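Please read the structure below before turning to the comments.
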Amino acid sequence: MQPRVRFAPSPTGYLHIGGARTALFNWLYARRNNGVFVLRIEDTDQERSTPASVQAILEGLKWIGLDWDEGPEVGGNFGPYFQTERLASYKRIGDQLVAEGKAYRCYCTREELDARRKAFGGEGFKYERTCRERKDQPTDKPWVLRFAMPLTEGVVSFTDEVLGKISKTYGDLDDFVLMRGDGIPLYNFGCVIDDHDMAITLVGRGQEHVNSTFPQLMLYAALGWQPPQFAHFPLILGADKEKLSKRKHKEADLMFHAKNGILPEALLNFILRIGWGHGNDEVVPREKMLEWFDFAHVGKTSGVWNPQKLTWLNQQYFKLLPIEVIAERLFPFLDQQGYSISKSDPRLLKLVKALRERAETLVELAQKSATYLRKGVEIDAAARAKVLTDDGKKVLAVADEMLKAVTEWTPPALEGVVKAASEKTGVGMGKVAQPIRVAVTGNTASPGIGDTLELLGKEESLARIAAALK
RNA sequence: GUCCCCAUCGUCUAGUGGCCUAGGACGCUGGCCUUUCAAGCCGGUGACACGGGUUCGAAUCCCGUUGGGGACACCA
């Protein structure tokens with residue numbers, strides 16, 4: 001049987017980084033096993049679901065390069081893929097369960113329930129099945145549909161693909177709400193029906209869902225359906241070791257990283273490595289993920305978000321990716337800084353080539369690029385004091401004369417000038433290169449002096465040197 | 001509080017009973033290279049939570065303790 005997995009986000013905000021990883025693991029599993037990756041939108045939270053969130057989620061998935069075989073924008077044979085468009089199924093199954101005595105209408109109001117919960121002492125409250133034996137079923141009063149848990153003693157268990165065997169006794173479960181009177185299903189209900197109707201063979205989701213697996217399993221049993229396999233992935237924690245939450249952790253927003261100049265390749269690699277490992281491999285590009293991913297190596301322990309490792313990975317991809325790709329990614333950041341040069345500007349690729357090993361993010365790469373794109377430069381006070389001393393200026397003046405005579409403004413020729421100036425003045429190459437560097441970049445750090453001067457061009461280089469010499 | 005899950009360096013991890021005086025990576029740190037800064041290379045720092053078993057042998061299996069996380073909605 002062809003494996004079918006799904007990613008089922010709730011469109012109540014941007015794509016959560018944990019959701020992105022859940023999507024990645026499911027996607028990888030599907031792609032590895034010749035399966036189908038389904039995207040289903042669980043938009044049954046009337047208050048919080050928005051079309052804008054749906055868009056944000058689709059965009060997020062596209063940004064990290066995860067494509068889906070069925071779902072929004074692409075359709076499929078198991079649609080519709082929005083839960084609010086599948087209400088008829090929920091109603092039909094709900095009616096069936098009531099008819100079979102496996103579910104019942106509960107007329108307790110929210111207020112009553114809240115009061116009872118409060119009297120109980122808050123969380124841990126279990127519905128006392130007040131309406132379970134109720135004989136009348138008025139239709140003019142608001143109600144919700146509740147699942148009738150078997151009153152017998154029993155144990156529900158399943159073998160999780162990553163966690164192993166997990167069990168829970170019936171007594172720990174209560175008559176949970178399946179559907180509201182208005183026909184909107186709750187998570188456990190909609191999820192089970194859709195997974196069944198969409199022929200999902202394996203449900204891969206975050207560990208925060210292991211406890212909801214039990215009521216879902218009860219539902220499968222009541223319906224006489226074969227449940228899918230389950231795989232619960234470890235959570236991603238913040239520096240405070242708590243689950244990454246949108247409220248508390250800014251890094252929980254996938255696109256936050258995009259804005260910070262992280263490459264999607266690096267981010268994907270990073271989230272893969274939280275919770276999954278392959279020997280000593282750290283840099284695992286997409287092709288390798290596709291080749292190596294398996295649930296057997298998904299860990300059980302939650303992982304803490306480590307921003308330093310993320311930036312390190314980003315740098316690895318700066319070195320790995322073709323400069324054309326990086327240039328493409330850099331463009332919006334250059335634009336943002338007000339340096340909108342043409343995409344065909346020959347300086348663009350040279351800039352990336354010279355600076356990519358010296359930057360950790362696209363933001364930093366754009367900032368460093370700015371030095372080479374603007375007219376003139378402001379010299380850092382400390383750099384000036386240290387390097388552009390009287391002696392430094394003397395050497396600079398000598399180099400300046402030689403540079404003016406250069407006809408082939410290429411790195412080898414320019415490096416040659418440094419060497420020649422060094423020989424002529426009798427000082428080391430460093431003593432020649434540094435004054436030039438500070439004069440043209442305003443700072444003590446830059447790519448090789450030949451590349452630096454080439455990037456700037458003859459005219460701009462000489463203008464900056466002249467200004468520094470004044 | 002109740003239930004569920006988890007437990008290797010600060011962090012991400014390798015490890016599926018002998019290959020482990022526990023390997024890699026990030027970070028931190030010493031050095032090399034060098035016209036600067038990076039990058040790169042070489043080295044250092046640093047962990048099997050604790051206590052009992054099982055076994056010829058345990059980071060690996062079992063039990064307990066402790067610790068951590070998650071779930072306890074007419075959210076998903």
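Note that this is a predicted model, so its numbers are computed, not measured. Side-chain atoms are counted along with the backbone in the values below, which use heavy atoms only and exclude waters and symmetry mates. Naming convention: chains lettered A, B, ... in sequence-line order (proteins, then strands); numbering from 1 in each chain.
The gap from the C1' atom of B/G51 to that of B/A58 amounts to 15 Å, rounded to the nearest Å. For the P atom pair drawn from B/G15 and B/U55, the interatomic distance equals 28 Å after rounding to whole Å. Spacing between B/A14 and B/C48 at atom C1', rounded to whole Å, works out to 13 Å. Annotation: B/C3 and B/A47 have their C1' atoms spaced 31 Å apart (nearest Å).
Partner assigned to B/C28 is B/G44, using Watson-Crick or G-U wobble distances below 3.5 angstrom. Figure legend. B/A49 is base-paired to B/U65; pairs are counted as Watson-Crick or G-U wobble with both atom distances under 3.5 Å. Base pairing annotation: B/U54 forms no Watson-Crick or G-U wobble pair, as no partner gives both donor-acceptor distances under 3.5 Å. Remark: B/A14 base-pairs with no nucleotide in the shown strands. Criterion, Watson-Crick or G-U wobble with two distances under 3.5 Å. Across all strands shown, nothing is found opposite B/A39 as a Watson-Crick or G-U wobble partner with both distances under 3.5 Å. Across all strands shown, B/A59 forms no Watson-Crick or G-U wobble pair with both distances under 3.5 Å. Nucleotide B/U21 forms a pair with no other nucleotide shown, judged by Watson-Crick or G-U wobble geometry with both contacts under 3.5 Å.
When the side-chain hydrogen bond (donor to acceptor under 3.5 Å, both in side chains) test is applied to A/Arg384, no partner is found at least two apart in sequence or on another chain. Under the side-chain hydrogen bond (donor to acceptor under 3.5 Å, both in side chains) criterion, A/Gln207 pairs with no residue, sequence neighbours left out. In terms of the salt bridge (Lys or Arg N to Asp or Glu O under 4.0 Å) criterion, residue partners of A/Arg132 (sequence neighbours excluded) are, by chain and number, A/Asp175.
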Item to check | From CA spacing to verdict: ring-ring contact (aromatic ring centres under 6.0 Å, His included), A/Phe158, A/Phe214 | outcome: CA-CA 8 Å; A/Phe158 67 101; A/Phe214 302 108; 5.7 Å; yes
Checklist entry - What does nucleotides 68-76 of chain B look like as a protein-contact string, B for base, S for sugar-phosphate only, - for none, at under 4.0 angstrom between heavy atoms? => result -SBSBSBBB
Checklist entry - Tell me, for nucleotides 24-42 of chain B in 5' to 3' order, what letter each nucleotide earns: B for a base near a protein heavy atom under 4.0 Å, S for only sugar-phosphate near one, - for neither? => result BBBS-------BBBBSS--
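A side-chain donor-acceptor contact under 3.5 Å links A/Glu415 to the backbone of A/Gly450. No donor-acceptor pair under 3.5 Å is formed between the side chain of A/Tyr90 and the backbone N or O of A/Thr84. Remark: side-chain polar atoms of A/Arg105 are not paired, donor with acceptor, to backbone N or O of A/Leu145 under 3.5 angstrom.
With RNA chain B read from its 5' end, the first of the two nearest nucleotides for A/Gly277 and A/Phe214 is the one closest to A/Phe214.
For A/Lys300 and B/U60, the NZ to P distance is 13 Å, given to the nearest whole Å.
Residue contacts shown for A/His297 include a base, since a base heavy atom lies under 4.0 Å away.
Checking B/C5, B/C12, B/A7 against the side-chain heavy atoms of A/Val304 singles out B/C12 as nearest.
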Less than 3.5 Å apart, which donor and acceptor atoms pair up between the side chains of residues 237-244 of chain A and the rest of the protein, not counting sequence neighbours?
from     : atom 1 : to       : atom 2 : distance (Å)
A/Asp240 : OD1    : A/Glu242 : N      : 3.1
A/Asp240 : OD2    : A/Lys248 : NZ     : 3.1
A/Glu242 : OE1    : A/Lys248 : NZ     : 3.2

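Using a 4.0 Å cut-off between a side-chain N of Lys or Arg and a carboxylate O of Asp or Glu, A/Asp195 and A/Arg6 qualify as a salt bridge.
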